[in-house]
*Asks:* 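What follows is a structure written as structure tokens; I'll ask about it next.
We count ligands from 1, going down the list as the structure has it; atoms in each ligand are counted the same way.
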Amino acid sequence: MDIQKALDKGKGKVSIKGWVYRKRKQSNQVFLIIRDANNVIQCVIEKESKAFEDATKVFIESSIEIEGDIQKEPRAPSGYEIKVKSLNIVHLGEPYKIAKDFSVEFLADNRHLWLRSRKMTSIMKIRHTILSAFREHYTNKGYYEFTAPVLQPTQCEGGSTLFEVKYYKDQMFLSQSAQLYSEAFIMGLEKMFVIGPTFRAEKSKTSRHLCEFWMAEMEAAWMDLDQMQDDIEELLKHIVKKVLQDNKAELEILKRDISKLEPIVKKKFKRMTYTEVLDFLKKKENMEVPWGKDLRTVEEDNLSKNFDVPVIVTKYPKEIMAFYKPEDPKEKKVALCLDVIAPEGYGEIIGGSQRDLDVKAMTKFLKAEGEDPKNYEWYFDSRKYGSVPHSGHGMGVERVISWICGLDNIKDAIPFPRTMERFKP
Ligand code: 4AD
Ligand code: MG
């Protein structure tokens, strides 16, 4: 049985399987704390027991099976203890590598082992909840799950961060976003979401950037920017609510202050235009940002520290936006787009927009970026045959995990991080 089942039973005979998490030897007793995927339990082996010799032998992370009687023990980590009757070493192994050195570099080199730690398993459980909650939100609304190609012949988010791949005699790129394919797909099924790996050759070494990350995207026909803001607010509320419900124990292990997460579920999000953000920064933070410049980390942080909910910033300058973000017909110098800035300085967690339907305007932008519009003809076809207004967004999965878990670095939000400097193991 798993450890949680044994704990739930609380009394009588139990048998568990797991790994040695802690070991303490006294002259006439050995205390082992055993862990499995979901919990830990203290086991005590008395000197008279035939299991004593084996218990003295095991290493941290040896895998073992134990049988015995469970009973209440307030001093033990989960409030119970197993008095061991028999112990079977499944694999003794070697003295565990992660013993004294807990430096960032050492743990990164041994990521494959560090994933067993309570910190990492807690984060990975929350990652699971976040991905499930995203799927649930859109499935409940009748969206179809889509999968996009990872090898793509063009850029989507600018040529400077593309990873090139040799593809027989041609050149391809690793996906920067599923979006262009999603837009073709919704002309059939109207509403879809896609969760997939995303690649950006980021040159910045920050605590927020990965070169390989997961993006959870949605695209919907007939949707406009205002409707998308409502949807995003509902989505993030659902995700945070689910984590607060399902991951109490993990948030506690991570020492996450949940009073910082509660307002997300209860309060309305802040909504501002880019131009309003500049005014706000000037008045409130004494920060002068020239109109037309993109918001950098400092500006985002100075904005977000004023609110305990995410801020949805809309209508950035059209000139600095990706080619598919349309100009606002009411105010041509801005685009119908949005970024969601997380609280507590976690930066941009979602980027999205209404999609441009004007092939000429997009062609002009692509040319200015040095792209050959011919490569986008298939994409323009969605504007040629029964074009409809539509919108979509992409959520940075690891950014949301970092924020919800309160991590110092985005690297811990993904099992095996890929950054400019780190790509092993
Ligand atoms: O804002 P981005 O670039 O938007 C898109 O790619 C759109 N095509 C998505 C869409 O509309 N379907 O990226 C979306 C999100 C960002 O808001 C950020 O949270 C995350 O992806 N992101 C990164 N996360 C980790 N490391 C990086 N290098 C990231 N770059 C973007
Ligand atoms: Mg963005």
*Asks:* Has ligand 1 got any nitrogen or oxygen that is less than 3.5 angstrom from a nitrogen or oxygen of Cys156?
*Replies:* no

*Asks:* Taking distance alone, with N or O pairs closer than 3.5 Å, would you say Ile349 contacts ligand 1?
*Replies:* yes

*Asks:* Please identify which atoms of ligand 1 are closer than 4.0 Å to at least one heavy atom of Gly396.
*Replies:* 15 (C), 19 (O), 20 (C), 21 (O)

*Asks:* Looking at Glu348, pick out the N, O or S atom nearest to the Mg ion (ligand 2) and give its name.
*Replies:* OE2

*Asks:* What protein heavy atom is closest to atom 26 (N) of ligand 1, reported as residue, atom name and distance in Å?
*Replies:*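 Protein heavy atom with the smallest distance to atom 26 (N) of ligand 1: Leu210 N, 3.0 Å.
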
*Asks:* List every atom of ligand 1 that sits less than 4.0 Å from any heavy atom of Ile350, numbering the atoms from 1 in the order shown and giving each element.
*Replies:* 17 (O)

*Asks:* Please determine, by modelled atom types, if Asp8 and Gln4 share a side-chain donor-acceptor pair under 3.5 angstrom.
*Replies:*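 Indeed, the side chains of Asp8 and Gln4 share at least one donor-acceptor pair under 3.5 Å.
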
*Asks:* Measuring from Gln176:CD to Leu162:CG, what's the distance to the nearest 0.5 Å?
*Replies:*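 Nearest 0.5 Å value for the CD-CG distance: 4.0 Å.
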
*Asks:* So, do Ser177 and Met215 sit near enough that their side-chain heavy atoms are less than 4.5 Å apart?
*Replies:* yes

*Asks:* Would you say the ring centers of Phe59 and Tyr96 fall short of 6.0 Å from each other?
*Replies:*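 Here the rings of Tyr96 and Phe59 have centres that are no less than 6.0 Å from each other.
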
*Asks:* Indicate yes or no: at least one non-hydrogen side-chain atom of Asp36 is less than 4.5 angstrom from one of Lys17.
*Replies:* no

*Asks:* Just wondering, is there an N, O or S atom on Glu157 that's nearer than 2.8 Å to the Mg ion (ligand 2)?
*Replies:* no

*Asks:* Short list, please: which atoms of ligand 1 are under 4.0 Å from a heavy atom of Gly392?
*Replies:* 11 (O)

*Asks:* Is the closest N or O pair between Glu157 and ligand 1 shorter than 3.5 Å?
*Replies:* yes

*Asks:* Which of the listed options, Arg200, Glu183, Met218, holds the heavy atom that is closest to atom 13 (O) of ligand 1?
*Replies:* Arg200

*Asks:* On the ring face of Phe365, is Lys318 found with NZ or CZ under 6.0 Å from the centre and within 45° of the axis?
*Replies:*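 Yes.
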
*Asks:* Report yes if Gln179 has an N/O atom closer than 3.5 Å to an N/O atom of ligand 1; otherwise report no.
*Replies:* yes

*Asks:* Answer yes or no: does an N/O atom from Gly351 fall short of 3.5 Å to an N/O atom of ligand 1?
*Replies:* yes

*Asks:* So, Glu183 versus Gln179: side-chain donor-acceptor pair below 3.5 Å or not?
*Replies:*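 Gln179 and Glu183 do have a side-chain donor-acceptor pair below 3.5 Å.
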
*Asks:* Among the heavy atoms of Arg355, does any lie under 4.0 Å from an atom of ligand 1?
*Replies:* yes

*Asks:* Yes or no: does Glu219 have any heavy atom under 4.0 Å from an atom of ligand 1?
*Replies:*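 No, Glu219 has no heavy atoms under 4.0 Å from ligand 1.
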
*Asks:* Report yes if the distance between the aromatic ring centroids of Trp291 and Tyr274 is under 6.0 Å, otherwise no.
*Replies:*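 Trp291 vs Tyr274: aromatic centres under 6.0 Å.
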
*Asks:* Verify whether one side chain among Thr129 and Asn247 offers a donor that lies under 3.5 Å from an acceptor in the other.
*Replies:* yes

*Asks:* Between Tyr376 and Tyr324, does the ring pair (Phe, Tyr, Trp, His ring centres under 6.0 Å) criterion hold? Intermediate values first, please.
*Replies:* CA-CA 11 Å; Tyr376 297 81; Tyr324 57 76; over 10 Å; no

*Asks:* When you compare ligand 1 with Glu202, is there at least one nitrogen or oxygen pair between them that comes in under 3.5 angstrom?
*Replies:*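 There is such a contact, yes.
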
*Asks:* Classify the contact between Phe199 and ligand 1 as side chain, backbone, both or neither, using a heavy-atom distance cut-off of under 4.0 Å.
*Replies:* neither

*Asks:* Could you tell me the residue and atom name of the protein heavy atom closest to atom 17 (O) of ligand 1, and the distance to it rounded to 0.1 Å?
*Replies:*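 Checked against all protein heavy atoms, atom 17 (O) of ligand 1 sits closest to Glu348 OE2, 2.5 Å.
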
